[in-house]
2 protein chains.
Amino acid sequence: MSRETTDIRQEQIKKAVLDIIADEGLQNISTRNLAKRIGLSEGAIFRHFPTKRDIIKGIMDDVANDLIGSLRNIVLKPEKAEDKLFKYLCQNVKYLKENRGITMLLFSEAAHLGDKELKEKLNHILYEQKQFIIKMVKDGIKEGVWDKSVNAEDVAIIYMGIPITFNIEFVLNKNGLNADNFCRRMYTLILKILKN
Amino acid sequence: MSRETTDIRQEQIKKAVLDIIADEGLQNISTRNLAKRIGLSEGAIFRHFPTKRDIIKGIMDDVANDLIGSLRNIVLKPEKAEDKLFKYLCQNVKYLKENRGITMLLFSEAAHLGDKELKEKLNHILYEQKQFIIKMVKDGIKEGVWDKSVNAEDVAIIYMGIPITFNIEFVLNKNGLNADNFCRRMYTLILKILKN
DNA sequence: TACGTTAGTAAGTAAGTGATTACAACATTA
DNA sequence: TAATGTTGTAATCACTTACTTACTAACGTA
């Protein structure tokens with residue numbers, strides 16, 4: 001194999017993990033299989049990451065940056081809360097659809113527990129998302145378009161279930177879900193909760 | 001170890017799986033650890049279940065019977081849709097809280113894919129639950145108390161996220177969730193979607 | 001061109017996995 | 001009571017896991 005820098009190899013390794021999850025399933029992300037997919041020896045993997053757990057950690061950090069970053073952009077834009085919430089939901093669903101492997105990885109780590117640091121990272125990702133929702137709901141209330149008796153945190157909780165359910169449906173029934181259509185329909189329901 | 005019938009051992013083994021998941025994490029349900037927890041040799045496990053996968057299958061069948069059965073009871077009772085939906089949600093959340101291990105097991109199997117039969121079983125469990133919701137929503141519309149322009153299937157989808165989100169929150173943040181309070185708050189939101 | 005650093009390999013390691021074996025002790029029933 | 005089937009054990013199977021070792025080859029730079 002030709003030589004590449006650690007930076008490039010790290011990206012390749014992380015990508016390989018997600019690719020394997022998406023088309024072979026979570027149980028196949030062994031370091032052996034990982035190396036095979038990149039076309040590298042198993043030992044080389046450990047040249048670029050000290051442990052397998054560090055690979056997972058790296059992927060989680062990427063999610064925290066990419067997904068949370070793109071969602072933050074939407075939240076901070078100077079638009080009407082109503083428009084932002086819709087874009088936010090669609091972006092959220094789209095990201096999960098395009099990065100199927102990531103969600104499954106996150107949930108698996110949550111399910112397996114055992115690792116406090118990874119659990120904490122997941123918690124942080126979910127917490128930030130929830131805060132974004134809460135902010136948008138409160139903004140909409142301030143704008144006067146939404147019911148001020150509504151509990152923003154409760155809305156955030158019920159919202160959080162939408163992308164998760166989408167992902168589960170998507171995993172179990174790969175072909176039968178249109179992301180755009182899905183987010184529009186769910187947004188309609190959320191709006192009924194929020195409207196005066 | 002004293003002799004017991006296969007029926008008793010099967011129950012012990014399935015219980016041990018859930019106990020281990022709940023307090024050691026999913027990664028520790030090896031046949032070795034399973035045997036140790038029951039106080040049996042590893043070989044004895046395979047005396048009562050042909051393979052480890054059959055243990056998981058057995059647990060899934062239990063869920064299909066217990067949870068789906070108890071929910072069906074609620075759905076079929078001759079009460080007002082409004083009351084049934086509330087009881088349904090509370091029962092659903094309560095079951096997940098009391099059987100934390102089961103949910104994690106189901107999601108892990110979904111995430112790991114690979115096994116068509118288990119995936120099909122999970123799909124079936126989720127499908128039945130969704131059908132129950134759809135029925136109750138349509139009943140409520142027939143009763144004239146709920147908005148007939150609302151799409152029952154969409155409500156079912158957004159509903160499904162609630163117990164799932166509850167479970168995730170519960171796993172990540174064990175102490176901080178009151179099931180009764182949670183289901184009451186979520187029910188309030190669902191009602192806003194349904195009301196005329 | 002020499003030299004230290006980086007990135008690669010093949011072949012290991014110990015520990016763990018699900019599953020099987022040969023055999024012993026017990027229970028049921030003919 | 002003798003025969004038979006059931007439930008247990010200890011040891012071991014073949015295999016996979018994450019990770020390590022000893023060593024080699026390419027790179028940048030002085």
Side-chain angles (χ1 to χ4, degrees), chain A residues 1-21 24-60 104-105 108-109 111-118, chain B residues 1-21 24-60 104-105 108-109 111-118:
Chain A
M1 197 61 189
S2 63
R3 287 170 62 98
E4 295 290 351
T5 64
T6 283
D7 280 349
I8 290 175
R9 289 297 187 211
Q10 284 184 339
E11 289 309 313
Q12 287 179 343
I13 292 166
K14 287 188 288 184
K15 184 175 184 308
V17 170
L18 299 179
D19 288 347
I20 290 172
I21 294 174
E24 294 178 45
L26 251 173
Q27 76 274 36
N28 291 308
I29 49 169
S30 65
T31 48
R32 240 207 260 310
N33 197 24
L34 219 43
K36 189 178 140 203
R37 183 171 273 250
I38 303 171
L40 222 54
S41 72
E42 202 179 348
I45 300 286
F46 292 92
R47 179 77 60 194
H48 304 294
F49 281 105
T51 69
K52 189 185 168 186
R53 176 172 295 167
D54 284 283
I55 303 176
I56 309 296
K57 259 196 319 198
I59 292 173
M60 284 201 176
M104 294 207 277
L105 186 67
S108 174
E109 288 309 320
H112 282 75
L113 301 168
D115 190 312
K116 282 222 167 191
E117 193 183 354
L118 295 188
Chain B
M1 196 61 187
S2 63
R3 287 167 63 96
E4 295 289 351
T5 64
T6 283
D7 281 350
I8 290 175
R9 289 296 187 213
Q10 283 185 340
E11 289 309 311
Q12 287 179 342
I13 292 166
K14 288 187 289 185
K15 184 175 184 307
V17 169
L18 298 178
D19 288 347
I20 290 172
I21 293 174
E24 294 178 48
L26 251 174
Q27 75 274 37
N28 291 309
I29 50 171
S30 66
T31 49
R32 207 147 295 182
N33 196 26
L34 220 42
K36 190 177 141 204
R37 182 171 275 247
I38 303 171
L40 221 53
S41 72
E42 201 180 350
I45 301 285
F46 291 92
R47 183 75 67 191
H48 305 293
F49 281 104
T51 69
K52 189 187 169 187
R53 178 173 295 170
D54 284 282
I55 304 175
I56 310 296
K57 259 197 315 197
I59 292 173
M60 285 202 175
M104 294 206 279
L105 186 65
S108 174
E109 289 308 321
H112 281 72
L113 301 168
D115 190 313
K116 282 220 165 192
E117 194 183 352
L118 296 187

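The chains referred to below are lettered A, B, ... by the order of the sequence lines, with proteins before strands, and numbering in each begins at 1.
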Open item on the list: Measuring from atom CD1 of B:I29 to atom CD1 of B:I13, what distance do you get when rounded to the nearest 0.5 angstrom?
Closed with: 13.0 Å

Value in whole Å for how far the [atom2] atom of [N] lies from [atom1] of [X]:
| X | N | atom1 | atom2 | value |
| --- | --- | --- | --- | --- |
| A:I45 | C:dA11 | CD1 | P | 18 Å |
| B:L34 | C:dT17 | CG | P | 11 Å |
| B:N28 | C:dT17 | CG | C1' | 13 Å |
| A:I56 | D:dC19 | CD1 | P | 10 Å |
| B:K57 | C:dG18 | NZ | P | 17 Å |
| A:K36 | C:dG8 | NZ | C1' | 20 Å |
| A:I55 | D:dA18 | CD1 | P | 9 Å |
| B:E4 | C:dA27 | CD | P | 11 Å |

With the criterion being N/O to N/O and under 3.5 Å, what pairs connect the protein with nucleotides 24-30 of chain D, and how long is each?
unit_1: D:dA26; atom_1: N3; unit_2: A:R3; atom_2: NH1; d: 3.4

Task: Candidate nucleotides D:dT7, D:dG8, C:dA7, ranked by approach to the side chain of B:T5 - the nearest - done: D:dT7

Just to verify, what does [X] make a side-chain hydrogen bond (donor to acceptor under 3.5 Å, both in side chains) with, not counting sequence neighbours?
| X | value |
| --- | --- |
| B:T6 | B:H48 |
| B:D54 | B:T51, B:K57 |
| B:R32 | B:E42 |

TODO: Could you please spell out the steps behind the side chain to side chain contact (heavy atoms under 4.5 Å, CB included) verdict for A:L40 and A:R9?
DONE: CA-CA 10 Å; A:L40 222 54; A:R9 289 297 187 211; 3.7 Å; yes

Under-4.0 Å side-chain N/O to phosphate OP1/OP2 contact, [X] with [N]:
| X | N | answer |
| --- | --- | --- |
| A:H48 | C:dG8 | yes |
| B:T6 | D:dT7 | yes |
| B:S30 | C:dT17 | yes |

Going by the rule salt bridge (charged side-chain N to carboxylate O under 4.0 Å, His left out), which residues pair with [X] if we only count those two or more places apart in sequence or in a different chain?
| X | answer |
| --- | --- |
| A:E11 | A:K14 |
| A:K36 | none |
| B:R37 | B:D23, B:E24 |

Protein and nucleotides 19-23 of chain C: nitrogen or oxygen contacts under 3.5 angstrom:
unit_1: C:dA19; atom_1: OP2; unit_2: B:K52; atom_2: N; d: 2.8
unit_1: C:dA19; atom_1: N6; unit_2: B:E42; atom_2: OE1; d: 3.2

Task: Heavy-atom pair with the smallest gap, counting every atom of B:M60 and B:L118 - done: SD-O, 3.7 Å

